[in-house]
Amino acid sequence: MNRAAVKRSRLRAGLNAPDPVVAVGAHDAMSARLIDSYAFDAVWVSGFGVSTMAHALPDLNLVTMTEALAAAVRIDAATELPVVADCDNGFGGLNNVVRTIREYERAGIAGVCIEDNLFPKRNSLLAGTVKRELLAPLEQARRIDAAKAAQETEEFVLIARIESLIAGHGVDDACARADAYVSAGADAILIHSKDKTLQEIEGFLAGWQGLGSVPLVAVPTLFPSFSADELRAKGFNMVIFANQPMRAAVRAMEETLETLAKARKLEAAEGQIAGLEHIFELVKTRQAIEAEDAEYTRPAEGGSASRA
Ligand code: SPV
Ligand code: MG
């Protein structure tokens with residue numbers, strides 16, 4: 001099995017396992033490498049994270065498909081964990097969704113998530129009254145159907161994300177969309193919510209007749225008091241900690257910059273920052289130099305090369 005197939009079957013196995021798949025959001029290759037060092041199961045390529053950290057842009061569909069794909073490819077290269085890429089609404093109309101599937105699948109990504117926000121989408125976590133428009137359920141189902149028809153491997157995973165609760169359309173709309181998206185071939189359903197009491201989600205879990213037919217995914221950013229295991233007990237198979245590394249990085253950079261701005265001397269921030277050796281080690285700098293400097297002896301006829 002090639003690397004992509006291994007990651008895809010790992011993701012599929014995880015989605016059908018008794019324990020939850022815990023995915024953490026990466027915004028770049030190094031955040032993915034760090035996530036890989038801890039006991040997590042998958043990496044989420046956060047659209048919010050990539051927009052914010054790689055482009056200093058708001059999460060409003062301003063990052064193009066090719067930019068998002070390039071970020072996902074760098075992230076995937078930096079981790080052995082399966083990668084699920086946030087593909088927003090597929091970056092446009094039906095043919096954009098289809099092209100997105102083809103490009104991500106051919107690039108070796110394990111799975112993607114496509115949401116039903118109309119282009120240009122607006123980040124789901126924004127507080128206050130934000131005008132939000134969703135695609136009609138049948139139109140989104142049509143796109144999911146086209147996306148599944150376009151994929152070339154059995155294992156590639158398409159998660160269909162429902163924004164009904166975020167957009168204020170309620171539980172019945174969410175249930176109808178879940179039915180439509182599963183019928184269209186979605187491999188999993190992500191039901192998004194901002195309700196910290198979990199009442200909305202509980203309503204969906206109680207009301208959706210199709211519960212259990214496909215794996216269910218949660219993004220508990222705004223209901224952070226529920227653990228991955230608690231969400232598993234409620235019926236979720238995958239839990240995404242979507243933006244914590246990004247927010248940790250911003251906080252750490254701000255604190256260090258504040259220290260340096262006050263002290264105007266590097267020593268003041270020494271205790272706040274990673275040591276140089278740690279950075280060299282994270283990207284295997286010494287191994288790369290050793291490989292570059294290794295001596296090479298031309299192999300004897302029929303023998304193998306020797307590297308010192
Ligand atoms: C992301 O991480 O980009 C997500 C999750 O889509 S959320 O920001 O909650 O919409
Ligand atoms: Mg997103």
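In each ligand, atom 1 is the first atom listed, and ligand 1 is the first ligand listed. Quantities reported herein were computed from a predicted structural model and do not represent experimental measurements.
- Atom CG of D76 and atom CD1 of I109 lie 4.0 Å apart (nearest 0.5 Å).
- In plain terms, the two heavy atoms of V63 and S51 that are nearest each other are CG2-OG, 3.6 Å.
- Salt bridge E155/R10: absent, no basic N to carboxylate O contact under 4.0 Å.
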Pair R251-E254, salt bridge (charged side-chain N to carboxylate O under 4.0 Å, His left out): steps then yes or no | CA-CA 5 Å; R251 163 80 66 89; E254 285 175 341; 5.7 Å; no
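- Between K121 and E115 there is a salt bridge, with a side-chain nitrogen of the basic residue lying less than 4.0 Å from a carboxylate oxygen of the acidic one.
- Nearest N/O/S atom of D86 relative to the Mg ion (ligand 2): this is OD2.
- With respect to the salt-bridge test (charged N to carboxylate O, under 4.0 angstrom), the residues E139 and R143 qualify.
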List, for ligand 1, each N/O atom that has a protein N/O partner under 3.5 Å away, with both atom names and the distance.
unit_1	atom_1	unit_2	atom_2	d
ligand 1	2 (O)	W44	NE1	3.0
ligand 1	2 (O)	S46	OG	2.6
ligand 1	3 (O)	S46	OG	3.3
ligand 1	3 (O)	G47	N	3.1
ligand 1	3 (O)	F48	N	2.8
ligand 1	3 (O)	D86	OD2	2.7
ligand 1	6 (O)	D86	OD2	3.0
ligand 1	6 (O)	R161	NH1	2.7
ligand 1	8 (O)	N123	ND2	3.2
ligand 1	9 (O)	H192	NE2	2.9
ligand 1	10 (O)	R161	NH2	2.8
ligand 1	10 (O)	H192	NE2	3.4

